[in-house]
There are 2 protein chains.
Amino acid sequence: MPKRPAARAPKNGGDTDEKIRARNIREILKAATEIFSRKGFDGARIAEIAEASGLPKANVYYYFSSKEEIYRAVIEHLIEGWDDAFAHISVDREPQDAIRSYIAAKLTYTRRNIIESRLFANEIIRGAQFLSRKDRQHMRTVTDEKVRVIEDWIAAGKLLPVDPRHLFIMLWSATQFYADFEPLACDALHTSKLKGIDYSHAAETISETVLRGLLPTGRT
Amino acid sequence: MPKRPAARAPKNGGDTDEKIRARNIREILKAATEIFSRKGFDGARIAEIAEASGLPKANVYYYFSSKEEIYRAVIEHLIEGWDDAFAHISVDREPQDAIRSYIAAKLTYTRRNIIESRLFANEIIRGAQFLSRKDRQHMRTVTDEKVRVIEDWIAAGKLLPVDPRHLFIMLWSATQFYADFEPLACDALHTSKLKGIDYSHAAETISETVLRGLLPTGRT
DNA sequence: TCAAAACCTGACCAAAGTGTCAACTTATTA
DNA sequence: TAATAAGTTGACACTTTGGTCAGGTTTTGA
């Protein structure tokens, strides 16, 4: 008889058939992401997470010792998507292409992962309490690196002077917006006659407007 | 003996000394705004709202029949701030000044009313469930009106072609960002050496970048 | 095949939180 | 000043929900 697994990882030395554990945890995290995203931390009930992942509640607690631990695990996982889009910003590219790619990538990611994006944004609004020191540090490092790229471009005369951090804020907030606020936007910004604004051009609109203001060589 | 005031307005025909009622409701709403903003709907506990407004919990229920009713009342109140900044966008002004003023006004408002702003943004992320049909309609109408102003400017050659709705989204998201994400921004975007980016120039940075991309007459 | 580890789960708490109520005090008004 | 309405409140009922647990079943490995 096992004496209280303590809702923790088994000291399963080798990787002997990690299938059950892996699948269940994946299932729980997937359900949790969706529900935390819709309801927020306090609004989410673990009974609901359990049901959505097809496991009885007690089984969820077999893998996670608390609601907070589940939330933390979810958030941890989200960070991974953070820097993918940022990869497009690299010195060896022309700023025009790079920024355009960045915007497109960010928008695509955001759209394809609305749930995660929203949850991430929400967590950050709440003060990023659950982000580990390591994750915060990581975000800082990546950002700093990209700031330097922008500064290099400016120094090389490829870009008009602009505060790189403010630029990132503009780009990030604009792309994020389309995921977070699309429901509102659809409702509040639509004309009743004009059946809606064209979201498919969001990337282009942002790109063009920002780039027109940044490129020294006239219009794009 | 009064038989169950039913947590409702008294049929106080005249406006005979509405002071007590008015003050208490104001106090409750003020506390509720702050707590809903910090904790979200589910995270907020009415006991906390009661304490923050200096009233016993049961007294809160004397004025409001449910948590939802308090929330609804708070949200209703927030809409009022929505169009104030928008007033700056008027046809008889030069787009350059108008947009600059709009950005500045929006940023100022957002900064001065971080709590309300955050709550409003959050409610909208959640799908604006608690906004009345009337309020949604109002937002739509105001937006449509301002879209027409931008279109007029473009038609008059005062502005390069741009989708007005996308422009508003960019402006709104950028300004909103500074209220919602300032905690993150402070943490994630700061260099450890550079003690922080200059938030006081946010308005200018947004203005310059956007305007440089929109004005036909070269740089601002 | 058998023991130990891993996994599963119905039933159960204790805490927390929403909303209620009956009785009390204060204000209003005729 | 008396009657009635408005406001106040401690205590409590009821529900939800995070979390536990004892004992069960399945998987693993020797």
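Note that these values count all heavy atoms, side chains included, but never hydrogens, waters or copies made by symmetry.
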J.: Between B:Arg45 and B:Glu48, is there a side-chain N and carboxylate O pair less than 4.0 Å apart?
T.: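 Yes.
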J.: Considering only side-chain heavy atoms of B:Asn24, which listed nucleotide, D:dG18, D:dT8, C:dC8, is closest?
T.: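 Of all the options, the side chain of B:Asn24 is nearest to D:dT8.
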J.: To the nearest Å, how far apart are B:Phe41 CZ and D:dT16 C1'?
T.: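 Roughly 14 Å, once rounded to whole Å.
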J.: How many Å lie between OH on B:Tyr61 and C1' on D:dA6, as a whole number?
T.: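 Roughly 21 Å, once rounded to whole Å.
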J.: Check this for me: A:Glu76, atom CD, are more than 12 non-hydrogen atoms of other residues, nucleotides or ligands nearer than 6.0 Å?
T.: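 Yes - once you tally the heavy atoms of other residues, nucleotides and ligands closer than 6.0 Å, there are more than 12.
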J.: Grab the two heavy atoms, one from B:Tyr61 and one from B:Ser66, that are nearest each other, plus how far apart they are.
T.: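 Heavy atoms only, the tightest pair is CE2-CA, 4.0 Å.
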J.: Distance under 6.0 Å and angle within 45° of the ring axis: does B:Lys67 meet both against B:Phe41?
T.: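 Geometry flag: set, cation within 6.0 Å and 45°.
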J.: Can you list, in residue-number order, the parts of residues 48-60 of chain A that come under 4.0 Å of DNA chain D, counting heavy atoms only?
T.: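 Per residue number, the list reads A:Lys57, A:Ala58.
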J.: Would you kindly give the NZ-to-C1' distance between B:Lys67 and C:dT20, to the nearest whole Å?
T.: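 From B:Lys67 NZ to C:dT20 C1': 17 Å.
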J.: In whole angstrom, give the distance that lies between atom CD1 of A:Ile46 and atom C1' of C:dT9.
T.: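 These atoms are roughly 13 Å apart.
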J.: Between D:dT26 atom C1' and A:Arg21 atom CZ, what is the distance in whole Å?
T.: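 Whole-Å distance recorded here is 16 Å.
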J.: Once you round it to whole Å, what is the distance between P of C:dG19 and OH of B:Tyr62?
T.: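 Between P of C:dG19 and OH of B:Tyr62: 19 Å.
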J.: Can we say A:Lys30 and A:Glu27 salt-bridge, meaning some charged N sits less than 4.0 Å from an Asp/Glu carboxylate O?
T.: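 A:Glu27 and A:Lys30: salt-bridged.
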J.: Of the nucleotides C:dA27, C:dC7, D:dT17, which one has an atom closest to the side chain of A:Arg45?
T.: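 Between C:dA27, C:dC7, D:dT17, the one nearest the side chain of A:Arg45 would be D:dT17.
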J.: Could you grab the distance from atom CD1 of A:Ile28 to atom CD1 of A:Ile46, nearest 0.5 Å is fine?
T.: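 Answer for the CD1-CD1 pair, A:Ile28 versus A:Ile46, is 10.0 Å.
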